[in-house]
Number of protein chains: 2
Amino acid sequence: MTATRRPSRPRPETLARRREILQAALEIFGQKGFNNGPLAEIADQVDMTHAGILHHFGSKDRLLVEVLRYRDESDVEGLDEQHIPGGAELFRHLVRTAFSNEARPGIVQAYAVLSAESVTEGNPGRAYFEDRYTVLRGEVADALRAMCAERGIDAPATVANASASVLAVMDGLQVQWLLDRGNVELAAASRFAIDAIVTAVLDPRPSPLGDDLP
Amino acid sequence: MTATRRPSRPRPETLARRREILQAALEIFGQKGFNNGPLAEIADQVDMTHAGILHHFGSKDRLLVEVLRYRDESDVEGLDEQHIPGGAELFRHLVRTAFSNEARPGIVQAYAVLSAESVTEGNPGRAYFEDRYTVLRGEVADALRAMCAERGIDAPATVANASASVLAVMDGLQVQWLLDRGNVELAAASRFAIDAIVTAVLDPRPSPLGDDLP
DNA sequence: AAATAGTTACTGACTGCATTGTAAGTTCTC
DNA sequence: GAGAACTTACAATGCAGTCAGTAACTATTT
């Protein structure tokens with residue numbers, strides 16, 4: 001028989017401390033990428049040594065996973081709201097997010113960098129992003145179908161492609177905006193493209209490129 | 001007085017050897033990212049030591065720059081063709097590229113990973129991507145203006161946002177496709193979105209989202 | 001055409017730094 | 001006084017870049 005163990009609760013301020021670390025990690029990973037962002041630098045920002053961070057999170061890989069989860073939860077842009085906006089409202093929310101994102105390049109960059117990095121070999125964030133995009137595409141598709149229903153039309157086969165495209169423009173514009181803020185209007189362009197794509201679903205017209213493509 | 005120097009040409013096979021290295025580097029950087037892709041692994045693929053690679057390219061940073069330039073030149077997708085396609089032809093070319101890209105995930109990934117990584121602190125590829133996007137946006141904008149002219153309409157103010165958006169969807173779709181090839185149709189979605197955006201420029205309609213946004 | 005000088009294309013060994021993770025010890029708090 | 005929240009010190013890699021040396025090739029000279 002081994003002796004009984006008393007796990008002993010974490011101290012009250014620890015939760016806040018962990019959040020500080022996650023916040024700092026998000027910043028550093030955003031600025032320098034996951035592979036290129038050392039634990040020591042994150043530790044500096046919260047007045048700790050890198051060993052302290054490992055005490056809390058076990059490994060750098062697990063830290064990344066928790067950073068991504070944290071960003072999701074604490075994020076203003078949480079699309080997965082409970083009030084289930086009735087179709088168009090979701091797209092308005094996306095556009096609003098693009099506008100507010102113009103004021104926080106740090107988070108935009110973190111997202112852009114980490115999502116692209118996640119497709120590399122052995123990256124611990126991959127599962128998170130796979131899942132996230134699947135969920136988001138589903139939500140966008142639902143919103144599109146709701147808008148179709150409102151207008152009394154059958155949801156067309158283009159819904160799936162449109163959903164992926166909506167998320168894609170937003171992400172792609174972020175990269176261009178980060179590279180050249182003077183020449184890319186993140187929010188305005190997002191708005192324009194989302195309008196264009198939603199319109200093409202609700203009220204399709206013949207392609208201006210002809211139909212003789214592959 | 002210093003003695004005169006005889007620079008002596010490089011050997012005939014060296015150019016081919018350098019190309020082998022660039023090709024291997026593109027693969028490795030694509031699979032693992034620039035920061036996470038060691039020179040030794042590139043060297044292995046061409047039966048060399050990493051010192052040999054440094055002999056040819058001087059440093060890892062310079063290798064990246066040359067890899068990016070190399071990809072541009074040798075790339076089938078070279079949009080900057082000389083024949084100057086008369087508007088719609090450029091978009092058809094983009095769509096065709098998306099189709100052929102479905103057969104070469106390696107290159108797609110290299111591009112996606114390296115472009116996002118380029119926005120991180122101190123990345124040597126940044127200037128390249130800044131420039132590339134500027135050039136590409138200009139070409140797309142020209143094509144859109146040409147299409148407007150063909151139809152006898154003034155080019156609207158939306159051209160700039162549309163140009164950025166076209167490139168953005170293509171890039172964004174690539175990331176989603178790399179994460180989940182089973183559920184994202186790279187080419188079909190690109191086609192759909194490009195159609196939608198071009199149509200929105202040529203023949204704008206009222207936003208389905210209302211006009212009361214920020 | 002043979003000898004020779006200079007240069008290229010490397011290799012192998014090494015340096016030095018950066019970085020993740022671990023282990024042992026310290027203090028503070030439940 | 002036991003475990004939580006650390007720190008300091010260290011182990012263990014991994015990696016870019018340097019350097020000296022070597023073989024092979026090119027260019028020049030004889």
Side-chain angles (χ1 to χ4, degrees), chain A residues 2-25 28-29 31-67 117 120-125, chain B residues 1-22 24-25 28-29 31-67 117 120-125:
Chain A
T2 51
T4 59
R5 307 226 186 147
R6 275 186 316 155
S8 156
R9 296 174 317 155
R11 298 181 202 165
E13 77 268 19
T14 353
L15 213 119
R17 207 94 176 80
R18 283 174 58 105
R19 261 201 298 267
E20 273 181 74
I21 296 171
L22 291 169
Q23 187 61 45
I28 299 297
F29 289 159
Q31 278 166 40
K32 331 228 308 186
F34 172 71
N35 288 310
N36 205 28
L39 290 179
E41 211 157 322
I42 298 165
D44 273 0
Q45 269 194 31
V46 294
D47 283 302
M48 231 189 239
T49 62
H50 82 277
I53 289 181
L54 289 171
H55 165 72
H56 282 291
F57 295 97
S59 76
K60 197 188 179 188
D61 280 18
R62 267 193 276 163
L63 174 62
L64 176 63
V65 176
E66 296 228 38
V67 163
E117 211 171 354
T120 59
E121 227 176 83
N123 187 287
Chain B
M1 293 281 158
T2 51
T4 59
R5 306 230 186 141
R6 275 185 318 157
S8 160
R9 295 175 315 156
R11 300 180 199 164
E13 75 268 21
T14 353
L15 213 117
R17 206 91 176 83
R18 283 175 57 103
R19 260 201 298 267
E20 273 182 74
I21 296 172
L22 291 170
I28 298 297
F29 289 159
Q31 277 166 41
K32 330 227 310 182
F34 171 71
N35 288 309
N36 204 29
L39 289 179
E41 210 157 323
I42 297 165
D44 273 0
Q45 268 195 32
V46 294
D47 283 302
M48 232 189 237
T49 62
H50 85 277
I53 290 181
L54 289 171
H55 164 73
H56 282 292
F57 296 97
S59 75
K60 198 188 178 190
D61 280 17
R62 268 194 274 164
L63 173 62
L64 176 63
V65 176
E66 296 230 38
V67 164
E117 211 171 355
T120 60
E121 228 177 82
N123 186 288

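Excluded from the calculations below are hydrogen atoms, water molecules and symmetry mates; all remaining heavy atoms, backbone and side chain alike, are included. A, B, ... follow the sequence lines: proteins, then strands. Residue 1 opens every chain. Owing to the predicted nature of the structure, the values given are computational and were not obtained by experimental measurement.
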Close N/O contacts between protein and nucleotides 19-21 of chain C (under 3.5 Å):
from, atom 1, to, atom 2, distance (Å)
C:dT20, OP1, A:Lys60, NZ, 3.0
C:dT20, OP2, A:Leu39, N, 3.2
C:dG21, OP2, A:Lys60, N, 2.9
C:dG21, N7, A:His50, NE2, 2.9
C:dG21, O6, A:His50, NE2, 3.1

*Do the side-chain N or O atoms of A:His55 get closer than 4.0 angstrom to the phosphate oxygens (OP1, OP2) of D:dA4?*
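No, because none of the side-chain N or O atoms of A:His55 sits under 4.0 Å from OP1 or OP2 of D:dA4.
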*Please check the phosphate of D:dA4 (OP1 and OP2 only) for any side-chain N or O of A:Arg17 closer than 4.0 Å.*
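So the side chain of A:Arg17 is outside the cut-off, no N or O lying under 4.0 Å from OP1 or OP2 of D:dA4.
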*Roughly how far apart are B:Asn35 CG and B:Glu117 CD, rounded to 0.5 Å?*
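Atom-to-atom, B:Asn35:CG and B:Glu117:CD are 4.5 Å apart.
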_B:Glu13 side, atom CD; B:Leu15 side, atom CG - distance, nearest 0.5 Å_ =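 B:Glu13 CD to B:Leu15 CG: 10.5 Å, rounded to 0.5 Å.
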Which whole-number value in Å describes the distance from [X] [atom1] to [N] [atom2]?
X       : N      : atom1 : atom2 : result
B:Ile53 : C:dT11 : CD1   : C1'   : 13 Å
B:Ile42 : D:dA16 : CD1   : C1'   : 12 Å
A:Leu15 : D:dA4  : CG    : P     : 15 Å
B:Arg18 : C:dC10 : CZ    : C1'   : 14 Å
B:Arg62 : D:dA16 : CZ    : P     : 15 Å
B:Phe29 : D:dC15 : CZ    : P     : 12 Å
A:Met48 : D:dA4  : CE    : P     : 16 Å
B:Phe57 : C:dC10 : CZ    : C1'   : 14 Å

*Please determine, for the side chain of A:Thr14, which listed nucleotide (D:dA5, C:dA9, D:dT7) has the closest atom?*
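Of D:dA5, C:dA9, D:dT7, D:dA5 is nearest to the side chain of A:Thr14.
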*Side chain proximity check, B:Lys32 to B:Pro38, heavy atoms < 4.5 angstrom*: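 Of all side-chain heavy-atom pairs linking B:Pro38 with B:Lys32, at least one is under 4.5 Å.
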*Does the side chain of A:Asn36 come within less than 4.5 Å of B:Asn123's, by heavy atoms?*
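They are not in contact (no side-chain heavy atoms under 4.5 Å apart), so the answer is no.
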*Take B:His56 and B:Met48, measure what side-chain contact (heavy atoms from CB on, under 4.5 Å) needs, and give me the verdict at the end.*
CA-CA 11 Å; B:His56 282 292; B:Met48 232 189 237; 4.2 Å; yes
*Can you see which heavy atom on B:Ile28 is nearest to which on B:Gln45, and at what distance?*
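Closest pair (atom of B:Ile28, atom of B:Gln45, distance): CD1-NE2, 3.4 Å.
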*Taking all non-hydrogen atoms of both residues into account, name the closest pair between A:Phe29 and A:Gly37 and its distance.*
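What the structure gives for the nearest pair is CE2-O, 3.5 Å.
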